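The structure under discussion appears below in the form of structure tokens.
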Amino acid sequence: NDGSSNFTALTLDTSDSGTAIFNNGIVLGDSLAGNGAPFTISNTNNGNNIDIKTTSSNSLVHAVKIHSGGVFEAKQGAVFNEDSNDVDFRVESNGNTHALFVDGGNDTVLIGSDTDIMHANMDDLQVGTTSGSRGITIASGSDSYGTLAFADGSSGNAAYRGFVEYFHTDDRLILGTGGSERLRID
């Protein structure tokens, strides 16, 4: 009771499902938050979304929202496996259970596969499996370059010591080593 009217703050369903319905969200107060900031889970005003909020600089902010359609929104970014455990991460597509797969134990990223078949010197990224055709497309503007660069540093030509580059304006393919063009096909 708020002093002037009666309202239902909590409904408990004691049937087999064990549902608890909170009419105005769930707030875990100071003692559970550890730093004095409340943690709130609530249904938002604009639909059946789950909105997890916390406080920052004494104001309530959205931390995570799960939209009714299943979209996950992290307002300040998302970190998975911050403790560096042997934990994998995968994203499914309509026809592939491992459209994107991060193998936490082997420190590799796989696209379209969950089986690491890479050579030890080439094991950071794998695209595809050993069956069917696979490919990588670099899409760039009709007056621009598409480049695959091999770097051994981050400044000067160390950022592109070796490269394969295609220039769309005049349809030329360039191969480079030592940071310089070595072969041009046009």
Side-chain angles (χ1 to χ4, degrees), residues 13 15-26 28 39-54 56 60-151 154 159-160 162-169 171-175 185:
D13 178 352
S15 67
D16 290 338
S17 64
T19 303
I21 300 171
F22 294 84
N23 291 340
N24 198 19
I26 302 169
L28 304 177
F39 173 79
T40 304
I41 301 175
S42 62
N43 186 4
T44 61
N45 295 334
N46 59 353
N48 295 320
N49 302 326
I50 297 173
D51 201 7
I52 300 174
K53 302 175 185 177
T54 188
S56 176
L60 197 60
V61 294
H62 298 274
V64 174
K65 184 183 284 188
I66 302 172
H67 298 267
S68 59
V71 174
F72 175 83
E73 179 181 344
K75 297 290 188 173
Q76 300 297 319
V79 176
F80 298 92
N81 196 18
E82 187 172 32
D83 293 334
S84 299
N85 295 315
D86 183 1
V87 177
D88 300 332
F89 174 80
R90 72 182 167 100
V91 177
E92 294 188 12
S93 67
N94 194 32
N96 189 336
T97 60
H98 292 79
L100 175 66
F101 182 66
V102 178
D103 186 332
N106 291 315
D107 299 325
T108 58
V109 177
L110 309 171
I111 298 174
S113 177
D114 66 340
T115 305
D116 182 348
I117 58 170
M118 297 178 277
H119 183 278
N121 292 339
M122 300 166 245
D123 65 350
D124 296 318
L125 174 64
Q126 173 184 314
V127 178
T129 63
T130 57
S131 67
S133 300
R134 301 285 185 249
I136 298 174
T137 298
I138 299 174
S140 51
S142 62
D143 62 349
S144 302
Y145 293 92
T147 306
L148 175 62
F150 304 91
S154 60
Y160 56 89
F163 58 89
V164 177
E165 184 170 72
Y166 190 84
F167 189 48
H168 292 281
T169 299
D171 290 324
R172 72 176 181 249
L173 179 70
I174 299 171
L175 299 178
I185 303 169

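Nothing here was measured: the structure is a model prediction, and the numbers come from that model.
Every residue meeting the ring-ring contact (aromatic ring centres under 6.0 Å, His included) condition with Phe80, not counting sequence neighbours, appears here in chain and number order: Phe89. By the side-chain hydrogen bond (donor to acceptor under 3.5 Å, both in side chains) test, Asp171 is found to be paired with Tyr166, residues two or more places apart in sequence or in another chain being considered. Shown here are the ring-ring contact (aromatic ring centres under 6.0 Å, His included) partners of Phe150, two or more places apart in sequence or in another chain: there are none. For Ile185, the side chain to side chain contact (heavy atoms under 4.5 Å, CB included) partners are Leu173, Leu183, not counting sequence neighbours. Remark: Phe101 pairs with Asp88, Arg90, His98, Asp103, Leu110, Asp114 by the side chain to side chain contact (heavy atoms under 4.5 Å, CB included) rule, at least two apart or across chains. By the side-chain hydrogen bond (donor to acceptor under 3.5 Å, both in side chains) test, Thr147 pairs with Glu165, sequence neighbours left out. By the side chain to side chain contact (heavy atoms under 4.5 Å, CB included) test, Ala159 pairs with no residue at all, sequence neighbours left out. Looking at residues two or more places apart in sequence or on another chain, you find a side chain to side chain contact (heavy atoms under 4.5 Å, CB included) between Ser93 and Asn96, Ala99.
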Would you be so kind as to tabulate the donor-acceptor pairs closer than 3.5 Å made by side chains of residues 133-141, with sequence neighbours excluded?
residue, atom, partner, partner atom, Å
Arg134, NH2, Thr129, OG1, 3.0
Arg134, NH2, Ser131, O, 3.2
Ser140, OG, Tyr145, O, 3.2
Ser140, OG, His168, NE2, 3.0

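Interatomic distance, Asp116 CG to Thr108 OG1, rounded to the nearest 0.5 Å: 4.5 Å.
The closest side-chain heavy-atom distance from Gln126 to Ile117 is below 4.5 Å.
Nearest heavy-atom pair, Val164 versus Leu175, reported as atom, atom and distance to 0.1 Å: CG2-CD2, 3.7 Å.
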